[in-house]
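A, B, ... follow the sequence lines: proteins, then strands. Residue 1 opens every chain. Since this is a predicted model, take the numbers as computed values, not measurements.
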2 protein chains.
Amino acid sequence: MQYIRIKDAIKEQIQSGQLAAGAKLPSERKLADTFKTTRVTLREALSLLETDGLIYREDRRGWFISHRALHLDLSLPFVFSSVASAQGRVPSIEVHRAESVMANHESTTYLSLLPFTEVFNIGRIHRLDGRAVMYADHYVRAERLPNLLQHPLDGNLAELYRENWQLHISKCCYTVRSSTFDALIATTIKSTVGAPSLRISRVHIDEAGVAQEYVIEHWRHNAISLDMTVGFGDS
Amino acid sequence: MQYIRIKDAIKEQIQSGQLAAGAKLPSERKLADTFKTTRVTLREALSLLETDGLIYREDRRGWFISHRALHLDLSLPFVFSSVASAQGRVPSIEVHRAESVMANHESTTYLSLLPFTEVFNIGRIHRLDGRAVMYADHYVRAERLPNLLQHPLDGNLAELYRENWQLHISKCCYTVRSSTFDALIATTIKSTVGAPSLRISRVHIDEAGVAQEYVIEHWRHNAISLDMTVGFGDS
DNA sequence: TAGTGGTCTAGACCACAGG
DNA sequence: CTGTGGTCTAGACCACTAC
């Protein structure tokens with residue numbers, strides 16, 4: 001199992017701090033040479049390190065050392081910018097898509113909509129220190145937020161909803177599972193198809209108990225760590 | 001991108017219900033033949049499907065169709081057997097290791113122990129319908145639970161602690177991140193090194209605010225889906 | 001334009017699973 | 001014992017990045 005040996009060697013280099021976060025690894029051919037093996041085997045080792053979260057790739061640009069993960073507390077409302085800043089990271093959000101569409105199967109289900117209802121669909125790329133780490137796909141009930149798309153959408157959406165339409169989110173249902181990037185998302189965040197991801201979906205519910213927004217977040221799986229504290233009454 | 005085509009073809013077979021959960025895929029050589037390609041490329045496709053969670057492997061036995069995921073609600077105390085039964089699955093737990101050890105770095109940190117403190121270390125294999133899906137590694141403060149290891153350890157541990165030592169867990173701190181199986185765990189749950197996993201660590205805190213137990217659960221990443229509902233006061 | 005990563009081929013050997 | 005999965009080699013071509 002050469003590729004285990006290689007994986008461990010690179011891992012040690014990283015963990016001993018020889019390689020800084022964000023640094024690029026030598027080319028695959030050079031590495032294969034160094035470890036006296038072929039690219040196929042070398043890539044197997046890299047692939048392990050990727051799944052393990054120690055390195056990541058940017059399509060056709062190469063392999064890079066992962067940054068530390070962003071810690072997310074699911075028991076608090078999620079505001080990307082605040083969370084990132086609080087952890088010393090530089091966040092930015094880019095609106096990738098914003099349009100009015102027919103609700104798809106998932107959004108009709110989670111938002112309890114009738115078929116053919118119109119919803120706003122907003123796709124946003126989230127970056128930390130310049131690197132794309134998450135793509136969020138929002139589906140929002142259109143009738144509750146008229147002219148939403150005429151507003152700036154690169155800030156805190158919950159705040160936008162609250163200030164312009166008095167829409168208050170009081171409850172959130174999460175589902176978290178591990179997944180992979182499909183071609184579309186891989187392309188937009190410059191990752192690769194099949195790279196491991198963490199998929200967090202949220203249903204945002206207002207004070208009246210109506211599901212107003214359905215969000216699917218696709219995280220580079222090594223960019224995030226979920227934390228939370230739960231108290232138990234008694235069971 | 002042949003392997004994408006192959007991946008999609010197999011995926012469709014699975015999702016259309018042609019292949020039942022738990023069924024074994026044809027041999028790699030047969031599949032490679034079917035898709036008129038080589039094993040290397042075919043394995044690339046299988047690897048994608050594995051990361052995506054649609055299939056899994058058992059070491060040297062082959063590739064199998066995944067079962068549906070177990071839904072876990074993090075806001076409730078976690079009892080493997082009850083959760084599994086409630087979802088129509090057949091759970092079983094096997095004690096793999098139970099010993100008294102010197103606390104390692106992680107456990108001293110999370111349990112706030114002095115170095116060289118003795119802790120009980122219990123490793124348990126968790127199965128659903130006969131298939132190993134999770135390995136849990138427990139570190140428990142020894143002084144609070146004398147003779148713990150003389151008790152049967154294949155049931156609900158929280159209940160055991162409560163009934164024999166009046167230890168009540170009232171709070172739990174979670175951390176969830178995606179990871180991979182190391183050689184040890186891969187072997188014991190018959191998975192393979194580097195297979196993607198979901199790592200849930202829990203710190204169990206008693207009524208006095210003392211961290212009594214530190215548990216690391218290593219889940220086959222496709223075997224689990226985390227759910228939870230959170231209410232927000234206002235932020 | 002040179003070098004890189006992404007993809008693919010056509011073999012090979014070994015250790016283990018299952019009959 | 002046979003076939004399978006796990007691992008590895010030594011090439012190759014293409015599209016894109018970076019210069």
Side-chain angles (χ1 to χ4, degrees), chain A residues 1-10 22-51 55-65 130-132 180-183 185-196, chain B residues 1-10 22-51 55-65 130-132 180-183 185-196:
Chain A
M1 298 193 298
Q2 281 208 63
Y3 70 99
I4 299 283
R5 196 195 86 232
I6 298 172
K7 182 203 69 173
D8 289 338
I10 299 179
K24 186 175 183 305
L25 286 180
S27 82
E28 295 181 356
R29 286 168 176 83
K30 280 213 183 76
L31 284 173
D33 249 27
T34 306
F35 292 107
K36 298 197 198 319
T37 182
T38 56
R39 273 183 69 209
V40 177
T41 302
L42 189 264
R43 277 172 68 89
E44 213 159 340
L46 293 177
S47 176
L48 278 194
L49 289 167
E50 180 190 39
T51 309
I55 62 176
Y56 65 96
R57 31 180 163 168
E58 295 206 1
D59 198 48
R60 287 180 188 283
R61 298 213 324 116
W63 297 88
F64 302 84
I65 312 295
R131 167 189 167 227
T180 57
F181 292 129
D182 61 26
I185 291 174
T187 306
T188 66
I189 71 171
K190 283 182 193 297
S191 179
T192 51
V193 180
Chain B
M1 298 194 298
Q2 281 208 64
Y3 71 99
I4 299 284
R5 197 195 84 231
I6 298 172
K7 181 203 69 174
D8 289 337
I10 299 178
K24 186 174 183 306
L25 286 180
S27 82
E28 295 181 355
R29 286 168 176 85
K30 279 214 183 73
L31 284 172
D33 250 26
T34 307
F35 291 108
K36 298 195 198 320
T37 183
T38 56
R39 273 183 70 207
V40 177
T41 303
L42 188 265
R43 277 172 69 89
E44 214 159 341
L46 292 178
S47 176
L48 278 196
L49 289 166
E50 180 190 39
T51 309
I55 62 176
Y56 64 96
R57 31 180 162 169
E58 295 204 2
D59 198 47
R60 289 183 184 281
R61 297 214 326 115
W63 297 87
F64 302 84
I65 313 295
R131 167 189 167 227
T180 57
F181 292 130
D182 61 29
I185 291 174
T187 306
T188 65
I189 72 171
K190 283 183 192 298
S191 180
T192 51
V193 180

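Remark: Tyr3(A) engages no residue in a ring-ring contact (aromatic ring centres under 6.0 Å, His included) (not counting sequence neighbours). Contacts of Phe35(A) classified as ring-ring contact (aromatic ring centres under 6.0 Å, His included), with partners at least two apart in sequence or in another chain: none. Taking Thr187(B) as the reference, nothing meets the side-chain contact (heavy atoms from CB on, under 4.5 Å) condition, with sequence neighbours excluded. Scored by the side-chain contact (heavy atoms from CB on, under 4.5 Å) test, Thr192(B) finds Glu50(B), Arg57(B), Asp59(B), Ala195(B) as partners (sequence neighbours excluded). Scored by the side-chain hydrogen bond (donor to acceptor under 3.5 Å, both in side chains) test, Arg5(B) finds Gln2(B) as partners (sequence neighbours excluded). Residues satisfying the ring-ring contact (aromatic ring centres under 6.0 Å, His included) criterion with Phe181(A), sequence neighbours excluded, are absent altogether.
Here the range on DNA chain D touched by chain A, meaning any atom under 4.0 Å from one of its heavy atoms, is dT7(D) to dA18(D).
Atom CE in Met1(A) sits roughly 11 Å away from atom P in dC16(C) (whole-Å rounding).
Sorted by first and then second residue, the salt bridge (Lys or Arg N to Asp or Glu O under 4.0 Å) pairs involving residues 37-49 of chain A (not counting sequence neighbours) are Glu28(A)-Arg39(A), Glu28(A)-Arg43(A).
Arg29(A) contributes no side-chain N or O that forms a donor-acceptor pair with the base of dG3(C) under 3.5 Å.
Where Lys24(B) and Arg61(A) each meet DNA chain D at their nearest nucleotide, the meeting point lying more 5' is that of Lys24(B).
When the side-chain nitrogen and oxygen atoms of Lys30(A) are compared with OP1 and OP2 of dT4(C), one or more of them lie within a distance under 4.0 Å.
In the region residues 33-44 of chain B, proximity to DNA chain D at under 4.0 angstrom, judged on heavy atoms, holds for Arg39(B), Val40(B), Arg43(B).
The minimum heavy-atom distance linking Leu48(A) with Gly194(B) is given by the pair CD2-CA, 3.4 Å.
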